[in-house]
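We use all heavy atoms of the structure for the numbers below, so side chains are in, but hydrogens, waters and symmetry mates are not. Count residues from 1 along the sequence.
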Amino acid sequence: MTFIKKTLASSVALAFTATMTAAAQAEISDGELRIGYLADMSGTYRDLAGPGGLEALRMAVEDFGGSVNGAPIQVFSADDRNSADVGANTVREWIDTRNVDMVAGLVASSVTIAVTRVLEENNGFGIVSASAASSITNEHCTPNHIHWVYDTYPLANGTAKAVVEQGGDTWFMLTADYAFGHALEGDVTRVVEENGGQIVGGVRHPFPTDDFSSYILQAQGSGAKIIGLANAGADTVNAINTASQFGVVEAGQQLAGLLVFLNDVHAMGLDATQGLLLTTGWYWDMDDEAREWSERYFERVGRMPTMVQAGIYSSTYHYLQAVEATGSDDPATVREYMMEQEINDFFARNGRLREDGRMIHDMYLAEVKSPAESEGEWDLYKILATIPAEEAYRPLSESQCKLVQN
């Protein structure tokens, strides 16, 4: 009798589980979860996200098991060529013909802003991992996207504040002339002036730019102690290399790289970058968890990951957990679940998703090591300080986001 009862109970439990699994899969549109990875795959920002970010996303999918509640996960990818029109049209086509559920990657801020408008119009969902403009979860926020890795607000709060406190109180801004550069320039100006410094001049350069000679000459002529580089990727590398050729540092001025990635420092070498202060959302050698994941990534890609590539894995995995837990790929349902979960993994410490779509987490002030301090090809940073999550990002009391009730 006991055996019969146990068998009956087991049968009921199995039937219930099967029913719930079938129901969950039925709520995943088209019976499969479709993720589109959109990034600069061949241009200025290729190395900071690009193919390496796609590989990180695939790692997340593989580690999750390749399916959610029985629904297989399909991954698509495209090169946005840093064009807002290309990015928006690609995502519109993905939604219309491929029924893509989530768009990942998203690098150039101008592309991201255009894409998130398409997502909002079509009730899609996106996770921004590589764009920097803080406006993406401020005046350009939508209920259909979240911003995961970093933005210009903590970059300025970290690097610019530290440089001013060390005596770098006059600045010349060299800025990429599009949404990201403008946002970073604005946030740096605020931090410099709030801490008693002064912006004495600046120039905006086209994106991308190969020849920085005239811009560096203007910066030299300004007499500013600090030349702030409000650009990224190949533009930052070209600007720093040009400054080195012109003897900027030897003449007494200092460069402040406001968005510097691991791949940039690696490409330029420690001789050119030693002592550079920067703010980062993550570093591959910061603790055991980060090292373990990074070594797995290195085995596949042959280079250590940037904070963006690590963030793409982290955000994708959390998204998959949300779809699994809710049994749905509905953007509002998934977003609500993700907002309820604390985020502490190999990437994020003290992370949580706010109503404006900003994932806040601890950020780090780092200094590039000297050649003598480095113990290996990728041993490039030393972490000087932790910037707590609640201090790093724009407070909601200052938000212009339509989703925030001030």
Side-chain angles (χ1 to χ4, degrees), residues 48 108-110 130-140 147 149-205 207 209 212 215-216 218-220 222-233 235-240 243 248-249 253-261 264 273 275-281 307 358 360 363-368 384-385 387 391-395 398-400:
L48 67 89
S109 296
S110 53
S131 298
S134 58
S135 62
I136 289 167
T137 52
N138 196 31
E139 60 264 38
H140 296 301
H147 199 172
V149 178
Y150 68 103
D151 63 42
T152 56
Y153 197 96
L155 297 177
N157 275 357
T159 308
K161 184 177 180 181
V163 170
V164 174
E165 287 175 349
Q166 292 183 3
D169 55 3
T170 56
W171 287 60
F172 181 94
M173 296 299 300
L174 183 55
T175 302
D177 193 11
Y178 77 109
F180 147 65
H182 301 168
L184 186 49
E185 180 186 88
D187 285 335
V188 167
T189 299
R190 171 186 54 80
V191 170
V192 168
E193 292 177 348
E194 284 178 355
N195 287 274
Q198 180 184 5
I199 306 295
V200 299
V203 63
R204 291 179 173 178
H205 66 80
F207 164 73
T209 297
F212 278 85
Y215 307 123
I216 295 298
Q218 290 180 62
Q220 283 185 301
S222 72
K225 295 178 184 177
I226 307 297
I227 301 173
L229 304 178
N231 49 24
D235 282 341
T236 298
V237 172
N238 289 337
I240 291 175
V248 166
V249 175
Q253 290 176 296
Q254 183 181 356
L255 299 174
L258 296 162
L259 181 50
V260 178
F261 292 93
D264 300 329
T273 57
L276 186 69
L277 292 174
L278 59 98
T279 301
T280 186
M307 63 170 167
R358 175 69 260 173
I360 67 168
M363 297 284 288
Y364 306 93
L365 180 67
E367 182 179 345
V368 177
L384 302 181
I387 307 168
E391 296 177 16
Y393 291 89
R394 185 191 310 278
E398 298 176 8
S399 177
Q400 301 174 46

Legend entry - side chain to side chain contact (heavy atoms under 4.5 Å, CB included) between Asp187 and Leu155, worked out: CA-CA 8 Å; Asp187 285 335; Leu155 297 177; over 6 Å; no

Inset, instruction - Kindly indicate, with the supporting measurements, whether the criterion side-chain hydrogen bond (donor to acceptor under 3.5 Å, both in side chains) is fulfilled by Thr209 and Asp235. - result: CA-CA 6 Å; Thr209 297; Asp235 282 341; 4.8 Å; no

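- Between the side chain of Gln220 and the backbone N or O of Gln253 there is no donor-acceptor pair closer than 3.5 Å.
- You'll find the side chain of Asn231 reaches within 4.5 Å of the side chain of Phe212, heavy atoms only.
- Of all heavy-atom pairs between Ala179 and Ser110, the closest is CB-N, 4.5 Å.
- If you take CD1 on Ile360 and CE on Met363, they are separated by 12.0 Å, rounding to the nearest 0.5 Å.
- Residues His147 and Asn138 have side chains not in contact (no heavy-atom distance under 4.5 Å, counting atoms from C-beta outward).
- Considering CG of Asn195 and CG of Asp169, their distance stands at 11.0 Å, rounded to 0.5 Å.
- Listed here is the closest heavy atom pair of Leu276 and Gly257: CD1-N, 3.8 Å.
- Counting only distance, with no hydrogens or angles, the side chain of Ser222 and the backbone of Ala224 share a donor-acceptor pair below 3.5 Å.
- A heavy-atom distance below 4.5 Å is found between the side chains of Asp151 and Arg358.
- Leu184 contributes atom CG, which lies 9.5 Å from atom CG of Leu229 (distance to the nearest 0.5 angstrom).
- In this structure the side chain of Trp171 reaches within 4.5 angstrom of the side chain of Val164, judged on heavy atoms.
- Counting only heavy atoms from C-beta outward, the side chains of Asp177 and His182 approach each other to under 4.5 Å.
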Inset, instruction - Would you sort out whether Ser134 and Arg394 count as a side-chain hydrogen bond (donor to acceptor under 3.5 Å, both in side chains), showing the intermediate values? - result: CA-CA 8 Å; Ser134 58; Arg394 185 191 310 278; 2.9 Å; yes

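- Taking OG1 from Thr280 and CG from Leu365, the interatomic distance works out to 10.5 Å, rounded to the nearest 0.5 Å.
- Counting all heavy atoms, side chain and backbone alike, Ala392 lies closest to Asn157 at O-ND2, 3.2 Å.
- Of the charged side-chain nitrogens involved, none lies within less than 4.0 Å of a carboxylate oxygen, so that Lys161 and Glu194 do not count as a salt-bridged pair.
- For the pair Phe172 and Ile199, the minimum side-chain heavy-atom distance is 4.5 Å or more.
- Taking 4.5 Å as the limit, some side-chain heavy atom of Leu277 sits within range of a side-chain heavy atom of Leu384.
- Between Ser109 and Phe180, the closest heavy-atom pair is OG-CB, 3.4 Å.
- By the 4.5 Å heavy-atom criterion applied to side chains, His205 and Thr175 are not counted as neighbours.
- Aromatic ring centres of Tyr393 and Tyr153 lie farther apart than the 6.0 Å criterion allows.
- Looking at every heavy atom in both residues, Met173 comes nearest to Ala230 through CE-CB, 3.9 Å.
- Glu391 pairs by the salt bridge (charged side-chain N to carboxylate O under 4.0 Å, His left out) definition with nothing, not counting sequence neighbours.
- A donor-acceptor contact shorter than 3.5 Å is absent between the side chain of Thr236 and the backbone of Val260.
- Across all non-hydrogen atoms, the minimal contact from Ala160 to Val191 is CB-CG1, 4.0 Å.
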Inset, instruction - Let me see the working for Gln198 and Thr170 under side-chain hydrogen bond (donor to acceptor under 3.5 Å, both in side chains), right down to the final yes or no. - result: CA-CA 5 Å; Gln198 180 184 5; Thr170 56; over 6 Å; no

